[in-house]
Amino acid sequence: LEIDFKKKVKVTNVGIIKNRNFSYKKNLKVKKKRINILVMPEGIPYEIKYMLDFCIKNIDTNVNFTFRLHPIYRKKKEYVNLIINSGNKIKISENQLSNDFSKNDFILYRGTAAVIDAINFGLIPIYLKEKDEISVDPLFELNKNHIISYENDLEKFSLNLYKKKKSIKELKNFQDFSKRYYNRFNLQKFNKILKNG
């Protein structure tokens, strides 16, 4: 299949209609004994297994995981049972997304765009890197320090983020980016496009 793009195509951002306003909470400094981590894999079987294996490897008395499956896998027993049988430190989410955000401190993610909403809500992002990968991180242009490899210890990594000034500065950049990410819907601009064809 060959496609010839000789003609320029104009793209206009008219904003987003869907309401994505979460009640924002202040960033926390992790000093408490127990760390709560929201895990959000994409709707791809390999991604679910890869992230679940990483969580199992990092089960610790000080870390609680909330594993939020993509909607297309939430009713599939194969994946639900994988999580249920992995131990009592990994809970499967049946909550509203905003409820999961409010109960967790970090979000462990790979390719999900929901990380933008999580940052807006005040969660601290940690990208799980795969060896020799082409990054699927929605924050790849900004993210240099909030990246963990499969071999690393998650609890130690999470706590060490706050001993590095560059990580704190990067988190501020994430917040600025995520606040600008969703433009409000511009009805005038939308109507103008419809009128001009």
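The structure displayed is predicted, hence computed values, not measured ones.
Checking D53 against Y150 by side-chain atom types alone, no donor-acceptor pair falls below 3.5 Å. In this model, no donor atom of one side chain and acceptor atom of the other lie less than 3.5 Å apart for H70 and E42. Judged by distance alone, the side chains of D100 and S93 do bring a donor and an acceptor atom under 3.5 Å apart.
Around the CD atom of E133, the shell of radius 6.0 Å holds more than 12 heavy atoms that belong to other residues, nucleotides or ligands.
Relative ring orientation between F121 and F101 is described as tilted, the plane-to-plane angle lying within the 30° to 60° band.
Taking each heavy atom of N143 and Y127 in turn, the nearest pair found is ND2-CB, 3.7 Å.
Annotation: the span from F67 atom CZ to M40 atom CE amounts to 10.5 Å, rounded to 0.5 Å. Taking CD1 of I90 as the reference point, atom OG1 of T66 lies at 10.5 Å (rounded to 0.5 Å).
Qualifying salt bridge (Lys or Arg N to Asp or Glu O under 4.0 Å) partners for D153, counting only residues two or more places apart in sequence or in other chains: none.
R68 places no side-chain N or O within donor-acceptor distance of the main-chain N or O of E94, the cut-off being under 3.5 Å. Listed for the R110 side chain is a donor-acceptor partner under 3.5 Å among the backbone atoms of L128.
With N62 as reference, E155 is the one residue of E155, K89, R34 to meet the side-chain hydrogen bond (donor to acceptor under 3.5 Å, both in side chains) rule.
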